[in-house]
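Notes follow the structure.
Naming convention: chains lettered A, B, ... in sequence-line order (proteins, then strands); numbering from 1 in each chain. Values below: every heavy atom of this structure, side chains too, minus hydrogens, waters and symmetry copies.
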Amino acid sequence: MKTDSIYLKIPSDKFFLGLVRKVITELAGGMNYSQDDIAKIEIAVDEACTNVIKYAYTSEEKIAFKGGKDNEINIKVNINTKRIIIEVSDAGKEFDFENYHVPDIAAHLKEMKMHGLGLYIIKNFMDDVSYKRTPDGVNTLTLVKYIKKG
Amino acid sequence: MKTDSIYLKIPSDKFFLGLVRKVITELAGGMNYSQDDIAKIEIAVDEACTNVIKYAYTSEEKIAFKGGKDNEINIKVNINTKRIIIEVSDAGKEFDFENYHVPDIAAHLKEMKMHGLGLYIIKNFMDDVSYKRTPDGVNTLTLVKYIKKG
Amino acid sequence: MPMCSIKVEKIGFKIPIFIIRVTGSLDAYSFPEFEDKIRGILDKDGINLMFDFANLEYISSAGLGAMMGFAKIAREKKGDLVIFNPTPKINSIINILGLSKFIKVFDNEKTALSAFE
Amino acid sequence: MPMCSIKVEKIGFKIPIFIIRVTGSLDAYSFPEFEDKIRGILDKDGINLMFDFANLEYISSAGLGAMMGFAKIAREKKGDLVIFNPTPKINSIINILGLSKFIKVFDNEKTALSAFE
Ligand SMILES: Nc1ncnc2c1ncn2[C@@H]1O[C@H](COP(=O)(O)OP(=O)(O)O)[C@@H](O)[C@H]1O
Ligand SMILES: Nc1ncnc2c1ncn2[C@@H]1O[C@H](COP(=O)(O)OP(=O)(O)O)[C@@H](O)[C@H]1O
């Protein structure tokens, strides 16, 4: 099975979120996803990048990938006829993903709370989500979405 | 002046030309270019990538960047408030850019010729075009377009 | 780049209602300016808000969370907040997340207006 | 991904005219299939071609060159090829390149038809 990889690297700046969404919807749009699934992948990747910008890179300190520039986000998209895998990587602060539990969204919304929707969206809209930090300080959030058989 | 760099890497496959155009129009569209200039940058970059796919990488041999995969195209976009610089790089065959002369387009069209428009578009639609091949076999076509002062 | 703009119309029945027509993408980039503007309306007499989402192309959790926050403020002031005309894409996100249980979503402007009668 | 589709209508005056409505992006990716289809029309009795570019979002040198090539073939067979309804973006590219000196471009279908009268 032919598998293609596409790489996008952007500065950690909310200005480029629209670009990330364009790349993701263009790639997912060329696959056999429903419109709903494309929208889910789009928002999940947007939320993942938003969190890197908001939490992994703080404005005080600049951190670079080995050989890279300060505060960059690496997005690797791997596609084949079965699924899309999106890896969002940063060289910023570690995130204790394993011990983070998404809020009970119904209760959360009932209280009209404004925050905590991002990771809920990521976990619920994608089929598989995992986080890894390598010894050299690179954090990668991996998002997988399978193509449903029609 | 703040300068941002955005990197896109794609397989050398015409399938991804639409993605390249989306990235370029999204970035140029966020700058102070006229619609005409955005269209010119879009087609110039498309033609540059098309030529890499058609001529730099031939189907018989696979060539990779150092540490990269076979037949990839690297696109680096550097933007600030004055201009956009787009570098299209490949690890494929060398191109004798200096000695290539674009056809006399009027005569060319008069004869209803179908080919040779690509480099004419690239050279005429961008403000500055240059080609470089490094000793390690990387070809880079650099395209520059300045923002006109209104 | 991810731009979001709003147009506000104030219509007067017994009580003033603000129709807020949103265009573009409401993500983490465009959100702060959007929030400022809506808070400005809420701070004055705008407690009845109708959001026209017909031209809203994209909304992220920042925007969705803000709608919940605005609705809360509006209701505390005895007003309300409704959404109308969402694209199928945004309507589907709102439904999947269950937001539609807490914020009323209408097909069009006329039915949305009825919420304030 | 860069898709291009065409719809063909044959209208009969004294001579048959083919209206070819192009949708999508005509770049190096979509070009071969497009060329095949148009050559198929030219090979039969299609020597009078009207291209509706209203829904053509993008055209690269491959597509522009092909239009020149098709026009040449059509004229050799004593027919002609015209374009109508291009978007401002594509119209501007056609003009800058000087293609409009060799292929007639019309604002709308009605005026384009007059080219074959
Ligand atoms: N990449 C990250 N690095 C560090 N902390 C993170 C990261 N992503 C999320 N978090 C933490 O998880 C929390 C929940 O994130 P999220 O669900 O996106 O909602 P919100 O951003 O509205 O708080 C954040 O408040 C933050 O503390
Ligand atoms: N990246 C490249 N590597 C090698 N040769 C190239 C490259 N780009 C262009 N050429 C050569 O220059 C010629 C003109 O290219 P172009 O103007 O794009 O028109 P066309 O592709 O229609 O021939 C090509 O036919 C090819 O021989």
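Within a 6.0 Å sphere centred on CD of C:Glu33, heavy atoms belonging to other residues, nucleotides or ligands number 12 at most. Atom CG of A:Asn32 sits in a sparse spot, with 12 or fewer heavy atoms from other residues, nucleotides or ligands closer than 6.0 Å. More than 12 heavy-atom neighbours from other residues, nucleotides or ligands sit within 6.0 angstrom of NZ on C:Lys77.
Counting heavy-atom pairs under 4.5 Å between each of A:Lys110, A:Glu111, A:Lys22 and chain C puts A:Lys110 at the top.
Rounded to the nearest 0.5 Å, atoms CD1 (A:Ile121) and CG (C:Leu97) are 5.0 Å apart. Atom NZ of residue C:Lys89 and atom CD1 of residue A:Ile43 lie 8.5 Å apart, to the nearest 0.5 angstrom. For the atom pair NE2 of A:His108 and CE of C:Met68, the computed distance is 9.0 Å after rounding to the nearest 0.5 Å. Taken from CZ in C:Phe31 to OG1 in A:Thr50, the straight-line distance is 11.5 Å, to the nearest 0.5 Å.
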Open item on the list: Could you go through C:Tyr29 and A:Asp13, starting from their C-alpha distance and side-chain angles, then the distance that decides it, and tell me whether this counts as side chain to side chain donor-acceptor pair (under 3.5 Å)?
Closed with: CA-CA 8 Å; C:Tyr29 177 74; A:Asp13 186 327; over 6 Å; no
- Verdict with reasoning, A:Leu109 to C:Lys101, per side-chain contact (heavy atoms from CB on, under 4.5 Å): CA-CA 9 Å; A:Leu109 291 176; C:Lys101 278 185 226 150; over 6 Å; no
task: Walk me through it: do C:Ser60 and A:Asp46 pass the test side chain to side chain donor-acceptor pair (under 3.5 Å)?
output: CA-CA 8 Å; C:Ser60 72; A:Asp46 180 336; 4.8 Å; no
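Residue contact with chain C, scored on non-hydrogen atoms closer than 4.5 Å, is absent for A:Lys54. Looking at A:Glu47, only its side chain comes within 4.5 Å of chain C, counting heavy atoms on both sides. Proximity to chain A is limited to the backbone of C:Ile59, based on heavy atoms less than 4.5 angstrom apart. Contacts of A:Glu42 with chain C are made by both backbone and side-chain atoms, with heavy-atom separations under 4.5 Å.
Closest approach of C:Ser92 to A:Asp36, counting heavy atoms only: OG-OD1, 2.9 Å.
Using a 4.0 Å cut-off between a side-chain N of Lys or Arg and a carboxylate O of Asp or Glu, A:Arg21 and C:Asp27 qualify as a salt bridge.
Side-chain contact between C:Ile96 and A:Phe125 is present, with at least one heavy-atom pair separated by less than 4.5 Å.
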